[in-house]
Participant: 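Below is a structure I'd like to ask you about.
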Amino acid sequence: AHIKWQLLPNMKLDAFFSNADGLDGLLQSKSSQNLFFGWTPDKKSNVEYTHKELQNSDPLSQMFDQVTNQLMAFKDFGRAGKLKFTDIHFASNTNMTGQAPGFELQDLLYEAKVDAKTTLSTETSRTRFDDGSKEDLTSGTLSTTLTKATGVSVTETKIDRDGVSRDET
C-alpha cells in the first residue's frame with residue numbers, strides 16, 4: 001500500500017507498506033515500511049520524521065534486517081543564524097556475525113553570518129552504540145571570503161571515542 005497525503009498546505013505524509021508471504025513456495029516472509037512525515041510551520045522552520053524498516057524471515061537475508069528512525073528539526077533565525085537538530089536511531093540484526101551494532105545519534109548544528117563575507121559554524125554530535133561504545137564530535141569553522149575567487153576557512157574538529165579506538169583532533 002502506498003499513501004501520499006497532503007494533510008494541510010504545510011504538512012504531508014508519504015507512507016509505503018509492503019508484506020509478502022510464501023515466497024518461492026517456502027514459508028518465508030518479507031516486509032518493508034517507509035514512512036515520511038513533514039511539517040513546515042512557517043517559511044523558516046521545518047520538522048521531518050522518517051521511519052524505514054526491512055524484515056525478512058529468509059535466514060540468508062536476515063543480515064539485512066534493519067530499522068531506522070530519524071527526526072530532523074530546522075529553524076532559520078534570520079540574522080541570528082540557522083539551527084538544525086537531528087536524532088537518528090538505527091537497529092540492525094546484531095545476531096548476525098560481522099553486522100554493525102545499532103546506534104543512537106544526536107547532532108546539533110548552528111551556522112551564522114558574522115558579516116557579509118564571514119561565516120561561523122559549530123557542530124556537536126553524540127553517538128551511542130548498542131555495544132556500549134560511544135563517539136562524541138565537536139567541530140567549529142570560521143570562513144571568510146577574501147576576493148570573489150579566494151577565501152580562507154579554518155576548522156577545528158575533536159572526536160572523542162571510548163576504549164582503544166583513537167581519538168582525533
Side-chain angles (χ1 to χ4, degrees), residues 1-24 28-58 60-96 99-116 118-131 133-143 145 153 155 157 159:
H2 189 191
I3 300 166
K4 278 191 167 194
W5 188 14
Q6 187 79 34
L7 302 163
L8 296 170
N10 62 349
M11 190 179 297
K12 65 181 171 180
L13 175 70
D14 189 349
F16 175 79
F17 303 98
S18 171
N19 293 307
D21 292 319
L23 301 172
D24 299 328
Q28 297 177 3
S29 64
K30 286 184 180 181
S31 70
S32 173
Q33 299 177 11
N34 290 312
L35 174 69
F36 171 82
F37 175 79
W39 178 47
T40 308
D42 57 52
K43 291 179 182 180
K44 295 187 174 194
S45 304
N46 186 28
V47 177
E48 295 178 353
Y49 173 77
T50 305
H51 170 84
K52 295 182 180 186
E53 184 171 346
L54 178 63
Q55 304 228 341
N56 196 328
S57 67
D58 176 10
L60 296 175
S61 298
Q62 285 182 342
M63 73 175 83
F64 302 111
D65 289 359
Q66 58 183 304
V67 177
T68 304
N69 291 301
Q70 178 176 327
L71 175 67
M72 189 278 301
F74 172 81
K75 178 69 176 171
D76 184 344
F77 294 99
R79 295 180 133 189
K82 299 175 183 177
L83 187 65
K84 180 179 177 185
F85 173 75
T86 305
D87 183 59
I88 300 172
H89 296 259
F90 173 80
S92 63
N93 189 347
T94 55
N95 296 329
M96 304 300 290
Q99 184 75 357
F103 64 87
E104 293 182 13
L105 177 137
Q106 287 85 35
D107 184 73
L108 186 63
L109 175 67
Y110 174 75
E111 183 177 297
K113 283 192 143 301
V114 177
D115 60 33
T118 308
T119 303
L120 172 70
S121 68
T122 183
E123 179 178 13
T124 300
S125 180
R126 176 181 175 262
T127 307
R128 300 296 178 259
F129 297 95
D130 287 350
D131 66 3
S133 62
K134 73 172 184 76
E135 179 177 285
D136 295 323
L137 174 138
T138 55
S139 182
T141 301
L142 182 63
S143 302
T145 303
S153 181
T155 300
T157 301
I159 302 173

Participant: Return the CD1 to CG distance between Ile3 and Asp14, rounded to the nearest 0.5 Å.
Facilitator: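 That separation rounds to 9.5 Å.
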Participant: Determine the minimum heavy-atom distance between Ser125 and Asp107, stating which atoms define it.
Facilitator: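 So the minimum-distance heavy-atom pair works out to CB-OD1, 3.3 Å.
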Participant: Rounded to the nearest 0.5 Å, what separation is found between the CH2 atom of Trp5 and the CE atom of Met11?
Facilitator: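 Those atoms lie 10.5 Å apart.
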Participant: Side chains of Gln70 and Phe90, heavy atoms from C-beta outward: is any pair under 4.5 Å?
Facilitator: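 Gln70 does not reach Phe90 side chain to side chain.
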Participant: Would you say Leu8 and Trp39 make side-chain contact, with heavy atoms under 4.5 Å?
Facilitator: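 Not in contact.
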Participant: Hey, does the side chain of Asn10 reach the backbone of Thr40 with a donor-acceptor pair shorter than 3.5 angstrom?
Facilitator: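 Yes, Asn10 side chain to Thr40 backbone: donor-acceptor pair under 3.5 Å.
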Participant: Among His89, Glu104, His51, which residue meets the side chain to side chain donor-acceptor pair (under 3.5 Å) test with Asn69?
Facilitator: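 When His89, Glu104, His51 are each tested with Asn69, the side chain to side chain donor-acceptor pair (under 3.5 Å) holds only for His51.
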Participant: As an exercise, state the distance from CG of Asn34 to NE2 of His2, rounded to the nearest 0.5 Å.
Facilitator: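 Atom-to-atom, Asn34:CG and His2:NE2 are 8.5 Å apart.
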Participant: Could you state the interatomic distance from CZ (Phe74) to NZ (Lys82), rounded to the nearest 0.5 Å?
Facilitator: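 If we round to the nearest 0.5 Å, Phe74:CZ and Lys82:NZ are 5.5 Å apart.
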Participant: Let's go through Lys44 and Phe77 carefully: what are the C-alpha distance in whole Å and the side-chain angles of both, what is the deciding distance for side-chain contact (heavy atoms from CB on, under 4.5 Å) to 0.1 Å, and is it a yes or a no?
Facilitator: CA-CA 7 Å; Lys44 295 187 174 194; Phe77 294 99; over 6 Å; no
Participant: A side-chain contact here means heavy atoms from C-beta on lying under 4.5 Å apart; do Asp42 and Lys75 qualify?
Facilitator: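 Asp42 vs Lys75: side chains touch.
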Participant: Side-chain contact test, heavy atoms from C-beta onward, threshold under 4.5 Å: evaluate it for Thr50 versus Thr68 and give yes or no.
Facilitator: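 Result no, sub-4.5 Å side-chain heavy-atom pair not found.
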Participant: With heavy-atom distances below 4.5 Å as the criterion, would you say the side chains of Thr122 and Thr138 are in contact?
Facilitator: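 They are not in contact (no side-chain heavy atoms under 4.5 Å apart), so the answer is no.
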Participant: Can you tell me how far the CZ atom of Arg126 sits from the CD atom of Glu135, to the nearest 0.5 Å?
Facilitator: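 With rounding to 0.5 Å, CZ (Arg126) is 12.5 Å from CD (Glu135).
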Participant: Quick one: do Tyr110 and Leu120 satisfy side-chain contact (heavy atoms from CB on, under 4.5 Å)? Show the steps, please.
Facilitator: CA-CA 8 Å; Tyr110 174 75; Leu120 172 70; 5.6 Å; no
Participant: Taking all non-hydrogen atoms of both residues, which atom of Phe103 and which atom of Asp130 are closest, and how far apart?
Facilitator: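 So the minimum-distance heavy-atom pair works out to N-OD1, 4.2 Å.
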Participant: Looking only at heavy atoms, which two atoms of Asp76 and Gly78 are closest? And how far apart?
Facilitator: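 Closest pair (atom of Asp76, atom of Gly78, distance): OD1-N, 2.8 Å.
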Participant: Determine, for Asp136 against Lys134, whether the closest basic-nitrogen to carboxylate-oxygen distance falls under 4.0 angstrom.
Facilitator: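 Answer for the salt bridge query: yes.
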Participant: Report the C-alpha distance between Phe37 and Leu7 in whole Å, list the side-chain angles of each, state the deciding distance to 0.1 Å, and finish with yes or no for side-chain contact (heavy atoms from CB on, under 4.5 Å).
Facilitator: CA-CA 10 Å; Phe37 175 79; Leu7 302 163; 3.8 Å; yes
Participant: Please report the shortest heavy-atom distance between Leu54 and Ser32, naming the atom on each side.
Facilitator: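 Looks like CD1-CB, 4.4 Å.
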Participant: Which heavy atom of Ala80 sits nearest a heavy atom of Ala112, and at what distance?
Facilitator: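 Between these two residues, the closest heavy atoms are O-CB, 4.1 Å.
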Participant: At what distance, to the nearest 0.5 angstrom, does CD of Glu123 lie from CD of Glu111?
Facilitator: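 If I round to the nearest 0.5 Å, the distance is 11.0 Å.
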Participant: Taking the side chain as C-beta and beyond, is there a heavy-atom pair between Thr141 and Thr157 under 4.5 Å?
Facilitator: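 Not in contact.
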